[in-house]
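Accompanying notes for the structure given below.
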Amino acid sequence: MKIIQSKMQFQIVEMDREMAQQLLDKNHPKNRRLKDSRIEQYKSDMNGGYWSLTWEPIVQDEDGWTVEGQNRLTAFLRSELETLPCVFVTRAPRRAMLGAGCGATRNVADVARITGQEFPHGANQYGSVARRMAIGLESHK
């Protein structure tokens, strides 16, 4: 392994509501549209105490535009949470977008297999409930 130099900065933070709003105010004008169903799913998990830190970052590019995480930030602002645990990346090179978010999406069954959890037949039709069951999450409230 070789350490390389980059201007990108990675931090694990407790995002507050003010910073989340500032990031959304700087959402890149050509970013993907918000996904209301995903936002509602995230908000439900947040309000239910099922949200936790993941490796998926909130990302600002080198010009200060928010290029990743707008659905999570929107859900956070619509939720009852005061802070959002997240990985926050700043100064990401614009060309880094070429390979970001292009991989295969994991579904609930994939997560169950990876975590070695029992997965009830047909549970993937029940969205966030199935996700919680598959990985054995308990509310953090």
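Bear in mind the structure is a predicted one, so any value in this text is a computation, not a measurement.
- One finds the NZ atom of K26 at 4.5 Å from the CH2 atom of W65 (value rounded to the nearest 0.5 Å).
- Under the 4.5 Å side-chain criterion, counting only non-hydrogen atoms from C-beta, R72 is in contact with W51.
- Of the possible polar contacts, none joining the Q9 side chain to the A92 backbone as a donor-acceptor pair under 3.5 Å is found.
- The nearest pair of heavy atoms linking S52 to P85 is C-CG, 4.5 Å.
- Counting heavy atoms from C-beta outward, K7 and P93 have side chains that stay 4.5 Å or more apart.
- Across M19, R17, E18, a single residue satisfies side-chain contact (heavy atoms from CB on, under 4.5 Å) together with M15, and that is M19.
- A donor-acceptor pair under 3.5 Å is absent between the side-chain atoms of T66 and the main chain of Q60, judged by distance alone.
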Run the side chain to side chain contact (heavy atoms under 4.5 Å, CB included) check on V87 and I58 step by step: do they pass? CA-CA 6 Å; V87 176; I58 307 294; over 6 Å; no

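- Taking both residues in full, the closest heavy atoms of F76 and L81 are given as CE1-O, 3.6 Å, listed atom of the first, atom of the second, then distance.
- Rounding to the nearest 0.5 Å gives a distance of 13.0 Å between CZ of R38 and OG1 of T74.
- Counting only distance, with no hydrogens or angles, the side chain of R78 and the backbone of L73 share no donor-acceptor pair below 3.5 Å.
- Between the CG atom in D61 and the NE2 atom in H28 there is a gap of 6.0 Å [rounded to 0.5 Å].
- Within 6.0 Å of atom CG in L34, more than 12 heavy atoms from other residues, nucleotides or ligands are found, so the atom counts as buried in its surroundings.
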Side chain to side chain contact (heavy atoms under 4.5 Å, CB included) assessment of I12 paired with C86: CA-CA 6 Å; I12 298 175; C86 63; over 6 Å; no

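- The closest donor-acceptor contact from the side chain of N47 to the backbone of S79 lies at 3.5 Å or more, if one exists at all.
- Using a 4.5 Å heavy-atom threshold, the side chains of N71 and Y42 count as touching.
- Looking at Q21 and D25, their side chains do bring a donor and an acceptor atom within 3.5 Å of each other.
- If you take CG on L77 and CE on M46, they are separated by 9.0 Å, rounding to the nearest 0.5 Å.
- Salt bridge annotation for E40-K35: absent, with no cationic side-chain nitrogen under 4.0 angstrom from a carboxylate oxygen.
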Step by step, work out the side chain to side chain contact (heavy atoms under 4.5 Å, CB included) result for R32 and Q70. CA-CA 9 Å; R32 296 174 288 184; Q70 75 229 20; 4.2 Å; yes

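- Side-chain contact between E82 and D16 is absent, with no heavy-atom pair separated by less than 4.5 Å.
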